[in-house]
Amino acid sequence: MNESQSVRSNIETLLSGQHLAVLSTRSADGHPYASLVAVVAEADLAGIYFATSRATRKFANLTAEPRAALLVENSRNRQSDIYEAMAVTVVGTVGELTGREAEAILPLYLDRHPQLKSFVTAPSTALLHMAVKSYYLVNRFQKVMEYHVGS
């Protein structure tokens, strides 16, 4: 397995093992804003889905500036995490799915997060898709590896 395949495998393992991510957006006044979101990744890693109410600050931020980042990590709040935990920053552009596009993705999202059915099917909720540009995987506290979608 070459390094790119190894990085991809680690990213897939991390994304499949974690249900939540921290979404980073930029507010209208230019400040960063972080939110916890329930995510599901596409099998080819080209996209990540999450949902939010249209009345949230994160939705307003993404509407004004669709570029965003997600942080997914597997730390357990132990000293050994410095050497054992992994984190991936996912960088991309977010847009709302509507109509048939949203209907097609809904089963995938609900398979991963069945407890969110009433939330994600509410008319006030937006199902969002991040078109991923790059992944930045960090392990052993400081080893950073990049994986670019399509490479």
Side-chain angles (χ1 to χ4, degrees), residues 1-76 85-139 143-151:
M1 180 181 304
N2 67 34
E3 184 174 345
S4 179
Q5 291 169 326
S6 175
V7 171
R8 181 187 170 108
S9 177
N10 282 329
I11 292 168
E12 289 171 337
T13 299
L14 189 57
L15 291 174
S16 68
Q18 302 301 313
H19 290 260
L20 301 174
V22 177
L23 172 70
S24 179
T25 60
R26 189 175 81 180
S27 66
D29 62 3
H31 286 86
Y33 183 76
S35 317
L36 199 59
V37 292
V39 296
V40 60
E42 293 176 352
D44 64 1
L45 300 180
I48 296 182
Y49 302 98
F50 60 96
T52 188
S53 168
R54 289 184 189 87
T56 61
R57 182 171 289 143
K58 65 180 155 274
F59 186 79
N61 291 350
L62 289 167
T63 300
E65 171 54 79
R67 293 177 299 173
L70 287 165
L71 176 71
V72 181
E73 56 89 24
N74 67 353
S75 67
R76 297 172 297 172
M86 285 192 302
V88 66
T89 297
V90 188
V91 177
T93 304
V94 178
E96 182 177 359
L97 300 175
T98 58
R100 290 182 187 206
E101 217 176 14
E103 289 173 17
I105 296 307
L106 192 58
L108 174 71
Y109 191 83
L110 290 175
D111 185 53
R112 178 94 170 156
H113 303 288
Q115 72 282 13
L116 296 178
K117 184 176 183 176
S118 61
F119 170 70
V120 79
T121 57
S124 60
T125 299
L127 186 57
L128 301 169
H129 174 257
M130 173 184 272
V132 176
K133 179 181 175 186
S134 301
Y135 290 87
Y136 300 93
L137 179 70
V138 179
N139 65 8
K143 184 176 180 187
V144 181
M145 296 156 285
E146 294 182 27
Y147 179 81
H148 301 281
V149 174
S151 59

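Here the structure is a predicted model, which means the values were calculated and not measured. All heavy atoms count here, side chains included; hydrogens, waters and symmetry mates do not.
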ask   = Listed by chain and number, what are the ring-ring contact (aromatic ring centres under 6.0 Å, His included) partners of Tyr49, not counting sequence neighbours?
value = His129

Thr13 side-chain N/O to Ser9 backbone N/O, donor-acceptor pair under 3.5 Å = yes

request  = Look at the side chain of Tyr109 and the backbone N and O of Ala38, then say whether any donor-acceptor pair between them is shorter than 3.5 Å.
outcome  = yes

Just list the side-chain donor-acceptor pairs under 3.5 Å for residues 64-71, sequence neighbours left out, or say none.
{"residue": "Glu65", "atom": "OE1", "partner": "Arg67", "partner atom": "NH2", "Å": "3.0"}
{"residue": "Glu65", "atom": "OE2", "partner": "Arg67", "partner atom": "N", "Å": "3.0"}
{"residue": "Glu65", "atom": "OE2", "partner": "Arg67", "partner atom": "NE", "Å": "2.9"}

inquiry  = What verdict does the side chain to side chain contact (heavy atoms under 4.5 Å, CB included) test give for Leu14 and Leu137, after you've listed the backbone C-alpha separation in whole Å, the side-chain angles of each residue and the deciding distance to 0.1 Å?
reply    = CA-CA 10 Å; Leu14 189 57; Leu137 179 70; 4.3 Å; yes

key: Evaluation steps, side chain to side chain contact (heavy atoms under 4.5 Å, CB included), between Thr121 and Leu106   = CA-CA 8 Å; Thr121 57; Leu106 192 58; 4.0 Å; yes

request  = Grab the two heavy atoms, one from Tyr33 and one from Lys58, that are nearest each other, plus how far apart they are.
outcome  = CE2-N, 4.1 Å

Side-chain heavy atoms of Leu45 within contact of Val132, under 4.5 Å = no

query = Ignoring hydrogens and geometry, is there a side-chain-to-backbone donor-acceptor pair from Thr25 to Leu62 under 3.5 Å?
reply = no

remark   = Rounded to the nearest 0.5 angstrom, the OH-CG distance for Tyr135 and Asn10 is 13.5 Å

inquiry  = The criterion is side-chain hydrogen bond (donor to acceptor under 3.5 Å, both in side chains); which residues satisfy it with Thr63, sequence neighbours excluded?
reply    = none

With a 3.5 Å cut-off and sequence neighbours excluded, list the donor-acceptor pairs that the side chains of residues 110-118 form with protein atoms.
{"residue": "Arg112", "atom": "NH1", "partner": "Ser16", "partner atom": "O", "Å": "3.1"}
{"residue": "Arg112", "atom": "NH2", "partner": "Leu15", "partner atom": "O", "Å": "3.0"}
{"residue": "Arg112", "atom": "NH2", "partner": "Ser16", "partner atom": "O", "Å": "3.4"}
{"residue": "Arg112", "atom": "NH2", "partner": "Gln18", "partner atom": "O", "Å": "2.3"}
{"residue": "His113", "atom": "NE2", "partner": "Val39", "partner atom": "N", "Å": "3.4"}
{"residue": "His113", "atom": "NE2", "partner": "Val39", "partner atom": "O", "Å": "2.8"}

inquiry  = According to side-chain contact (heavy atoms from CB on, under 4.5 Å), who are the partners of Ala46, at least two apart in sequence or on a separate chain?
reply    = Glu42, Asp44, Val149

Side chains of residues 85-105: which donor-acceptor pairs under 3.5 Å do they make with residues two or more places apart or in other chains?
{"residue": "Glu96", "atom": "OE2", "partner": "Arg54", "partner atom": "NE", "Å": "3.1"}
{"residue": "Glu96", "atom": "OE2", "partner": "Arg54", "partner atom": "NH2", "Å": "2.5"}

message = Looking at every non-hydrogen atom in both residues, tell me the closest pair between Phe59 and Ser53 and how far apart they are.
response = CB-O, 3.6 Å

ask   = Hey, mind stepping through Thr52 and Val37 against side chain to side chain contact (heavy atoms under 4.5 Å, CB included) and telling me if it holds?
value = CA-CA 8 Å; Thr52 188; Val37 292; 5.6 Å; no

